[in-house]
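Below, each value reflects all heavy atoms present in this structure, side chains not excepted, and no hydrogens, waters or symmetry copies. Convention: sequence-line order gives letters A, B, ...; per-chain numbering from 1. In this text, all values refer to a predicted model and were calculated from it rather than measured experimentally.
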There are 2 protein chains.
Amino acid sequence: MNVEKHIQTSSELRTTTRSIIHLTLVHHRIQEELQAALKPFEVSLQQFNVLRILRGRRGEPANMFTINDRMVTKMSNTTRLVDKLMAKGYVSRQTCPSNRRKVEIDITPKGRDILLKMDKSVAESESHLLNALNQEELKQLNILLDKIKVK
Amino acid sequence: MNVEKHIQTSSELRTTTRSIIHLTLVHHRIQEELQAALKPFEVSLQQFNVLRILRGRRGEPANMFTINDRMVTKMSNTTRLVDKLMAKGYVSRQTCPSNRRKVEIDITPKGRDILLKMDKSVAESESHLLNALNQEELKQLNILLDKIKVK
DNA sequence: AATGTATATTTGTATATACAATTATTGTAG
DNA sequence: CTACAATAATTGTATATACAAATATACATT
């Protein structure tokens, strides 16, 4: 990708600026592709992420904070994502008996079923996006991303 | 960053899934940092991007399509970004005399002034985010990002 | 010139997200 | 026990973005 051409600038960009723009463009493209993969299931990427987090807990229910901590959105929005997954019957929610401020959210069998189907579609999209990168390059990408200050 | 820990899964992730989650987390963090850098100027990151694109054209005005082509948003939203920059006096807009369907958008001196100030703040944030990466690593990052299928 | 088609932009609207305030419950200091 | 602070989640709302439709102009065919 020619980032300079993309933003149509005649001036040379700082290398840092260039890398950040590049990352933004790639990220946007990935989101588009994954959202398209999920469209037939009428589940948003964020809803998919919630389901995936719940499955990763292997039966142990999660509270809102736990789910939100693994997501890149505010807790208020996570509440609403769970609302929507509830309406579709993909998750259950009940107040935690030992601490009635908390809730216990879990994935339902119906949620697991659709998640399995979505997995397939998402995995194909991911593979397509990244198939020009071998294992060594993926590892290298992760190492470089790790060097970006996320704190 | 331990991506598995972040999404709190006990199962091993596919390496592609892991890389994509990692990229998403890093992207989100970068957006946050840059938005924070722009906050004192009361200009959104997307508004900043429009100004930067216009400056890159060195005096030649741009139409909506040209601006939008360099951005990761829909044209309808770019129209509204320009509306807001107009209201602040940072850009000018007039219908193109040779083709009255088109508009000619340009950055104003006032827009250039604030852009210079914002540049400084944004450059600092970018440097902070990426200062653990040397020139060779930035180059390598761009090469790897280029391998992600954006078509 | 009249009609249909393509191009460029804008408007309307639904969904997504961020931020602030609110509610409910629990913990704790006096 | 009461008052106050801390925690957990939700609700309200403003802004951001995506998608569809509408508007205006230009171009092409007859």
Side-chain angles (χ1 to χ4, degrees), chain A residues 24-25 27-39 41-50 53-54 61-88 91-106, chain B residues 24-25 27-39 41-50 61-88 91-106:
Chain A
T24 300
L25 295 173
H27 172 262
H28 188 256
R29 179 65 192 101
I30 289 173
Q31 299 291 304
E32 274 186 347
E33 175 100 13
L34 297 183
Q35 267 151 22
L38 291 173
K39 195 161 191 184
F41 303 100
E42 299 185 83
V43 167
S44 74
L45 188 51
Q46 290 289 58
Q47 288 171 32
F48 171 78
N49 286 333
V50 171
I53 289 165
L54 292 175
N63 57 41
M64 278 297 168
F65 182 86
T66 305
I67 295 176
N68 186 248
D69 198 39
R70 275 90 191 151
M71 309 234 341
V72 289
T73 190
K74 300 290 165 180
M75 199 150 81
S76 54
N77 300 322
T78 302
T79 294
R80 283 178 269 244
L81 287 171
V82 170
D83 288 344
K84 285 175 186 162
L85 290 170
M86 278 276 288
K88 291 170 183 163
V91 303
S92 62
R93 167 168 49 187
Q94 59 178 74
T95 54
C96 175
S98 65
N99 186 340
R100 303 188 43 261
R101 285 172 300 190
K102 295 188 184 179
V103 290
E104 289 181 341
I105 301 148
D106 207 349
Chain B
T24 301
L25 296 173
H27 172 262
H28 187 258
R29 178 66 193 102
I30 290 173
Q31 298 292 305
E32 274 187 345
E33 175 100 12
L34 297 182
Q35 268 152 20
L38 292 173
K39 194 160 193 186
F41 303 100
E42 297 185 81
V43 167
S44 75
L45 188 50
Q46 290 288 59
Q47 289 172 30
F48 172 78
N49 285 334
V50 170
N63 57 42
M64 277 297 169
F65 182 87
T66 306
I67 296 176
N68 186 248
D69 198 40
R70 274 92 192 148
M71 309 238 335
V72 290
T73 191
K74 302 290 165 180
M75 197 150 81
S76 54
N77 300 322
T78 302
T79 295
R80 284 179 268 243
L81 287 171
V82 170
D83 287 345
K84 284 176 186 161
L85 290 169
M86 278 275 288
K88 290 171 184 164
V91 304
S92 63
R93 165 168 50 187
Q94 59 178 76
T95 54
C96 176
S98 65
N99 187 338
R100 302 182 7 67
R101 286 172 300 189
K102 296 187 183 178
V103 290
E104 288 181 341
I105 300 148
D106 207 350

Worksheet item: Just by modelled atom types, is the A/L54 backbone N or O under 3.5 Å from a matching donor or acceptor in the A/D106 side chain?
Response: no
Worksheet item: To the nearest 0.5 Å, what is the distance between CG (B/L25) and CZ (A/R70)?
Response: 12.0 Å
Discussion item. Using 0.5 Å steps for rounding, measure from the CD atom of B/Q35 to the CD atom of B/Q46.
Written reply: 8.5 Å
Practice prompt. Extract, from 5' to 3' on DNA chain C, the first and final nucleotides lying under 4.0 angstrom from some heavy atom of chain B.
Written response: C/dA6 to C/dA18
Item to complete: Between B/Q35 and A/F65, name the one whose nearest nucleotide on DNA chain D is closer to the 5' end.
Response: A/F65
Discussion item. Restricting to non-hydrogen atoms, name the atom on B/K88 and the atom on B/E42 that form the minimum distance, rounded to 0.1 Å.
Written reply: NZ-O, 2.8 Å
Worksheet item: Do you know which two heavy atoms are closest between A/I67 and A/A62, and how far apart they sit?
Response: CG1-CB, 3.8 Å
Practice prompt. Starting at OG1 of A/T24, measure out to CG of B/L45 and round the result to the nearest 0.5 Å.
Written response: 7.5 Å
Worksheet item: What residues form a side chain to side chain contact (heavy atoms under 4.5 Å, CB included) with B/R93, not counting sequence neighbours?
Response: B/M64, B/T79, B/V82, B/D83, B/M86, B/V103, B/I105
Discussion item. Regarding B/T73, tell me which of base, sugar-phosphate or nothing describes its non-hydrogen contacts under 4.0 Å with the strands shown.
Written reply: sugar-phosphate
Worksheet, complete the sentence: Judged by nearest nucleotide, the residue sitting upstream toward the 5' end of DNA chain D, A/E32 or A/T79, is A/T79
Worksheet item: Contacts to DNA chain C from residues 92-103 of chain B, heavy-atom cutoff under 4.0 Å, which residues?
Response: B/R93, B/R101, B/K102, B/V103
Worksheet entry | Integer-rounded Å distance: D/dT11 P and A/D83 CG | 7 Å
Practice prompt. For B/M64, answer base if it contacts any base atom (sugar-phosphate contacts may also be present), sugar-phosphate if it contacts only those atoms, and nothing otherwise; contact means non-hydrogen atoms under 4.0 Å.
Written response: sugar-phosphate
Worksheet item: Looking only at side chains, do A/T66 and A/N63 share a donor and an acceptor under 3.5 Å apart?
Response: yes
